[in-house]
Amino acid sequence: MSIIPFDDRDGFIWLDGQLVPWREATTHFLTHSLHYGGLIFEGERAYNGKIFKSHEHSVRLHKSADLIYMNLDISTEDLCAAKYEVLKANNLENAYIRAAAWRGAEMMGIDIDGAKTHIAIAAWEWGSYFDPKIRETGISLKSTKWHKPSPDCAPVHAKTASLYNLSCIIKVEVKKSGYTDALMLDHEGFVAESTGANIFFGKGNKLTTPIADRFLNGITRQTIIELAKAEGIEVEERRIRPEEINDFDEVFLTGSAAEITAVGKIDDFIYQVGPLTKKLRDIYEKLVRGQ
Ligand code: PMP
């Protein structure tokens, strides 16, 4: 399936306070963040015209900005309003929304003093993050030699571009081996997450998930923990050793793009798409659609 390039589409993108024709939302080669990875972003979804947890995503963009010392001169309310402007301008009700902020071309060196912040928001229709055919079987994850950086090696709670290049490298490697995504370990060798989503393990009426103190504490992850507890499902957040993962009966990923994605295989070990996964996926899918 060929994808229409993302810079060659019809529609409008919100750029520094104004809607501009899609193809005109460009930036110069000497843009600071293009060279040093200092872009921050959010990925969120609108369902039936309503953006799920828009405020929380806007707050997280601000948090990411603070963590990389970026001056983000827009309130969370104005950010939320701009996202809706983008949906309206592009006639979208169900969409993925990408907001980002980056440092401009005023500086070219490590010193960021004087670099202006630019902000842009785009939205487009984006169905399942993973192939929808795997809904009944789950995706496959492969272990990787790469670890997540430790919290004293990178701003691990910021959603910043510099952290995602590693995910891109890993994705190339696992795809070569026929897997969909990777299971990443943290700097101490405990289970962390996939390249772009958090992970949960299920057994009986209990979910176990790694403590999100060394990687992104996803908004979907937090939502699932709340939903599970409300359903009387026990949730334990703890360090998980890789040798333990075959003791669980089911596995799923959570993320704004990935939503609730069942995992059917990690390395050679097969999991069923189990009752906790199905139940929480169902509840989540209804919640985001306001049902
Ligand atoms: N971890 C990583 C590395 C991610 O990129 C994402 C997606 N933003 C998540 C976890 C899940 O976060 P959220 O549920 O807030 O989308």
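Atoms within each ligand, like the ligands themselves, are counted from 1 in listed order. Along the sequence shown, residues are numbered consecutively beginning with 1. In this text the structure is predicted, and so the values were computed from the model without any measurement.
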Worksheet item: Strictly by modelled atom types, are T117 and N71 linked by a side-chain donor-acceptor pair under 3.5 Å?
Response: no
Worksheet item: So which of N198, V156, L166, L253 gets nearest to atom 11 (C) of ligand 1, if we judge by its closest heavy atom?
Response: N198
Worksheet item: Please walk me through it: do D10 and R23 pass side chain to side chain contact (heavy atoms under 4.5 Å, CB included)?
Response: CA-CA 7 Å; D10 295 329; R23 293 176 183 82; 3.1 Å; yes
Discussion item. Can you report which non-hydrogen protein atom sits closest to atom 7 (C) of ligand 1, along with the distance?
Written reply: G196 O, 3.4 Å
Worksheet item: Can you list the atoms of ligand 1 that are under 4.0 Å from a heavy atom of Y164?
Response: 2 (C), 3 (C), 4 (C), 5 (O)
Worksheet item: Is T195 close to ligand 1, meaning an N/O of one under 3.5 Å from an N/O of the other?
Response: no
Item to complete: Note the single closest protein heavy atom to atom 3 (C) of ligand 1, along with its residue, its atom name and the distance in Å.
Response: E193 OE2, 3.4 Å
Fill in: For atom 16 (O) of ligand 1, closest protein heavy-atom neighbour
S256 OG, 2.6 Å
Practice prompt. Would you mind running through ligand 1 and noting each atom that sits below 4.0 Å from a heavy atom of K159?
Written response: 5 (O), 7 (C), 8 (N)
Discussion item. What verdict does the side chain to side chain contact (heavy atoms under 4.5 Å, CB included) test give for F215 and N198, after you've listed the backbone C-alpha separation in whole Å, the side-chain angles of each residue and the deciding distance to 0.1 Å?
Written reply: CA-CA 9 Å; F215 51 81; N198 294 122; 3.4 Å; yes
Worksheet entry | Numbered atoms and elements of ligand 1 in range of I219, under 4.0 angstrom, heavy atoms | 13 (P), 14 (O), 15 (O)
Discussion item. Before you tell me yes or no, could you show the steps for Y284 and F52 under ring-ring contact (aromatic ring centres under 6.0 Å, His included), namely the whole-Å CA-CA distance, both residues' side-chain angles and the distance that decides it to 0.1 Å?
Written reply: CA-CA 11 Å; Y284 181 80; F52 185 63; 5.7 Å; yes
Item to complete: Check each heavy atom of A257 against ligand 1 and say whether those closer than 4.0 Å belong to the side chain, the backbone, both or neither.
Response: neither
Discussion item. Quick one, H35 with F29, criterion side chain to side chain contact (heavy atoms under 4.5 Å, CB included). Give me CA distance, side-chain angles, the key distance, then yes/no.
Written reply: CA-CA 9 Å; H35 296 257; F29 150 59; 3.7 Å; yes
Worksheet item: What part of F215, side chain from CB on, backbone N/CA/C/O, both or neither, has a heavy atom under 4.0 Å from ligand 1?
Response: neither
Worksheet item: Mind checking whether Q222 has a heavy atom under 4.0 Å from ligand 1?
Response: no
Practice prompt. For residues 98-116, pull every pair meeting side chain to side chain donor-acceptor pair (under 3.5 Å), keeping only residues two or more places apart or in separate chains.
Written response: Y96-R98
Worksheet entry | Nearest non-hydrogen protein atom, atom 14 (O) of ligand 1 | T220 OG1, 2.6 Å
Fill in: Nearest non-hydrogen protein atom, atom 12 (O) of ligand 1
G218 CA, 3.3 Å
Worksheet item: Got a donor-acceptor contact below 3.5 angstrom from the R9 side chain to the W22 backbone?
Response: no
Worksheet entry | Whether F200 and F252 hold their rings parallel, tilted or perpendicular, with breakpoints at 30° and 60° | parallel
Item to complete: For G255, counting its heavy atoms only, list the atoms of ligand 1 lying under 4.0 Å from any of them.
Response: 11 (C), 14 (O), 16 (O)
Discussion item. Please check if the number of heavy atoms outside D8 that lie under 6.0 Å from its CG is greater than 12.
Written reply: yes
